[in-house]
Every structure is written in structure tokens, then in C-alpha cells.
Amino acid sequence: MQVNVLSKEHDAGYPELMQQLHPFLWPVSTTRAQGHLVLGGCDTTELARELGTPLYVLDELTLETTARHFISALAAQYPGPSTIHYASKALLNTALAQLLTSWGMGLDCVSLGELAVARRAGASPEHVHLHGNAKPRRELEQALAWGVGRIIVDSLDELRVLAELTRNRAAQGQQRQRILLRLNPGINVHTHAHIQTGQLDSKFGLPIKTGMARAAVELALQSPGLELMGLHAHLGSQIDEYAPLALGVERLMAFAADSRAEFGWELRELSPGGGLGVPYREGDPAPDIEAYIQTLADTVTAQCTRHGFELPRLVLEPGRSLIARSVVALYEVVAVKPIPGIRTFIAVDGGMGDNIRPALYDARYSVIQADQVEADPVETATVVGRYCESGDVLLRDVALPATQPGALLAIPMAGAYTLSMASTYNLVPRPALVGVRDGRARVLQRRETFEDIMRRDMLLDELDGEK
Ligand SMILES: *Cc1c(COP(=O)(O)O)cnc(C)c1O
């Protein structure tokens, strides 16, 4: 598969460091000075000294370039209307939402928490969509009250609640709530079982096969407060082949044709979700945004011709493929333990609390020593975290220079499903996210404090005083 995530313009200017490092694993602004890794014009050793570690560094240029590339490639290759919605669950905070919306992205949310951040960031509700397989009633009420652009309905039960909550809208002259139905198209993709979502045996989506999807169309069309705009599917994440994504579109459109025949309903919007994979290590397949968009655009266009549809609005929902490469995680080495004949453990000051992916689904990353980028690797080591679990292993069998306590390690491709899945296990505060660009560093989300962690805790004295 060919590799080309960012525009030639930026890649051509790739600094000489890129001759050593795998070019598509590091942010576009990556360079080096005095043997140190430099991101967005900022020396990572200085960032670590000033802001502490673990530290997540977001290269704003990489993010902007990738975001604009998604939008322009879709507009160029799909002749109908189109939108890119960032799947917020990959990584979200208010400043990040502000940046993305300022570049023309919509936001996909899966909870009231994510909706609250989108609101605080000033996102227009019309460009915010609510997803989720089990949206509690109060979340639906809030989403309706805020006026989110679309609710992506995942079950018949959710649809019944929505129909009830919106029943009087039409009578009261209010706009109907626009919805999409998330279908389960019964497609297996080759990715880790925990991140497959399109197979029939999945908690996600209304199965086409069992007739539940058809029943949902019927109910949606009978609900006076709802306007069924279109269909949605999301097959899974970290997908590195385009064929199943195209098949997903074909199944949705065939279903839309059946629904038109039976109910006279016209498809106006279509979303094949997100799911495009990224490389994490040298030698990993590197799916190409351009080719991915081309495949989807061509498939939708061809299926429209085949079924005699007008081109629907095409909505793509990238999470990982939009954010992963923009972020590098920095850790300080705390201890080195060689066990002759077995392995060397390098323990760092973060781990599964800020990045659970290696423990959760055997995710593999690459690493360099950021304060010695030119040093040759001399040993194979296992990099472990500081959390009290033997499974807290960040990197297995990686090549590093002779690493000492105090050394700075940098893990690229750290933007997606890391901080957004972070926990306060062991009551270790969650790391900061600092944005870098043109030599300027700004903390987009500060490190958690002990006060933050203890804010919910009660003192027994206070409780007794309330009696
Ligand atoms: C998680 C999710 C996405 C994004 O998936 P990525 O693999 O991060 O691109 C898109 N759409 C829906 C509905 C999702 O749940």
C-alpha cells in the first residue's frame, strides 16, 4: 500500500532527521538540534524540563495539514456535498475542539461530556453529531435541547425514546430532529477483536440481516418529530484495507434502495464512519488518506448511478487517522534493570494510566531517546510503566541506546486513544497536552493536580458535621 499522508509540500521540506526516522511516524515539523528531538520548533528536553513528564506534545502544523487535507481531498473527489466530522473520542479537550472547528471540521460526540466540551469550544450545534450504542434518556433530552445537528440512532429502543421525546414538536411548529440510523451491515474487518464493530455479532448498530434495520426505518418514518436523513455504519478501527469500507457503502445503499421501494423514502445523507488505520512502527501498512477517500467517493458515486439516487451528503468521521500522528508522548526514565540472559527493563514515569492501548489490545509503538537522537541503539529493552500492574508494558523488545535514569524517551503516533482513555489509577495525575508551532509552546490542557483528583472526596469530619 502506498504511503502518503501529508502533502508533498510539507514532506519535501522534511528535515534531515527524517532520513533516520521513519517519515510517516513523526509529525511534519520534526527536526533536531544538539542531538535533541525538536517538535514545532521546540526542544523536547526543554519542554520536559519546564512542563514535567509524562508530557504529550501536539504538533499543530501536522494536525492542521491533516485536517485540511481530509476536507479538501473529499471535496475534490466527491462531486456531491460532503463534510468531515472529527471523532472526538480519539482525543478531546476544549482548545483542540476550537482548533478543529476553526478549520471547518464538524465534531462527533458520544456522551454529554464530549457535547459539553464541543459547546464550550463554541461549536455550532448543527455541526455536532451524537453517537453511542446506549445513550441514556437524559443525554437524548440534553442533545435535543441543545439542538445537535444529527442524532445517530443505534437501537430500536433509542428510536422509541426519541420518537416519544419529539412527539409534540411538529404540532408546536418546532423543527423535527434530524437523525441517521446506524446500521450493522454484517462485515468483518481485519483488526483487533476489541475494535471490530461491523460484524453481526456486535453490540453496535441495527442489523440489516435480522430485519431490525427495516423496522427502524418504518418507525422513524411514522414518528412526526423525527426526520430520517440517512444511514450510517462504522466497521471498526485501525483498518488498513479499503475493500470492506467500500462493501459497507454498498450494503448501506442497497438497503436504502430497498427502503425506497418499500416506503418511498429517499436517502439524503450517508456516513461510512471512520476507522482508517495508521502505522505505529516501521514496516506497518500505512493507509493513504487520498486513496481511502477516492475509494469511498467512487463507491458512493457508482452506487448512486446503479440505484438511481441523487448524490447524498457524504460524511466521513476520522478519529485516529486525523489525530494520531500529531502527538508525541515524552517520558522520563526512572530505573533500568538488566536481568542477564532474560531482558532489560526500562521503567518510565508514565504508562497504562496515560496510554492503555498496549495493555488493552497489545498495541505496539516505536520509540527513540529524545535527548540523544543520534546515539546508535545498543540494546533491546522492554519499556514498562510506573503503575502497579505487570501488564503495564509500554513497549516490548525495542532497540535503544544505553539508557540511564533521567533519559527522555519519545513515542510517536501517540495522539489517538491515549489521553482520551487515561485514568487516575494509582492516583497518578493525568499528563498535560502542550501544543507546539513555530517555536511557541502553549499548554492546551494542563496536567491534573492532586486537588483535581481529591475534589470529589469527602472528609469524614465534614460528613459528620452535616448530621
Ligand atoms: C470511533 C468512531 C469513529 C472513529 O474511528 P477511528 O478508527 O478513530 O477513525 C468514527 N465513527 C464512529 C461512529 C465511531 O464510533
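Whatever order the structure lists them in is the order used to number ligands and atoms, beginning at 1.
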Next item on the list: List for me each residue that meets side chain to side chain donor-acceptor pair (under 3.5 Å) alongside Glu332, sequence neighbours excluded, and say none if there are none.
Entry: none

Notebook entry, point to check: Under 6.0 Å from the CD atom of Glu310, do we count more than 12 heavy atoms belonging to anything else shown?
Noted result: no

Item checked: Pairs touching residues 107-161 that satisfy ring pair (Phe, Tyr, Trp, His ring centres under 6.0 Å), sequence neighbours left out -> His85-His129, His131-His232

Next item on the list: Below 4.0 Å from any atom of ligand 1, which residues have a heavy atom? Give them in chain and number order, please.
Entry: Ala87, Lys89, His131, Arg182, His232, His234, Ser237, Gly274, Gly275, Glu317, Pro318, Gly319, Arg320, Tyr417

Note to self: Just verifying a value: how many Å separate Asp258 CG and Phe255 CZ, rounded to the nearest 0.5 Å?
What the structure shows: 7.5 Å

Checklist line | Sole residue of Arg446, Arg447, Arg430 in salt bridge (Lys or Arg N to Asp or Glu O under 4.0 Å) with Asp452 | finding: Arg446

Check: If you look only at pairs with a residue in residues 52-80, which of them pass as a salt bridge (Lys or Arg N to Asp or Glu O under 4.0 Å), with sequence neighbours excluded?
Finding: Glu60-Arg440, Glu60-Arg442, Glu64-Arg68, Glu64-Arg437

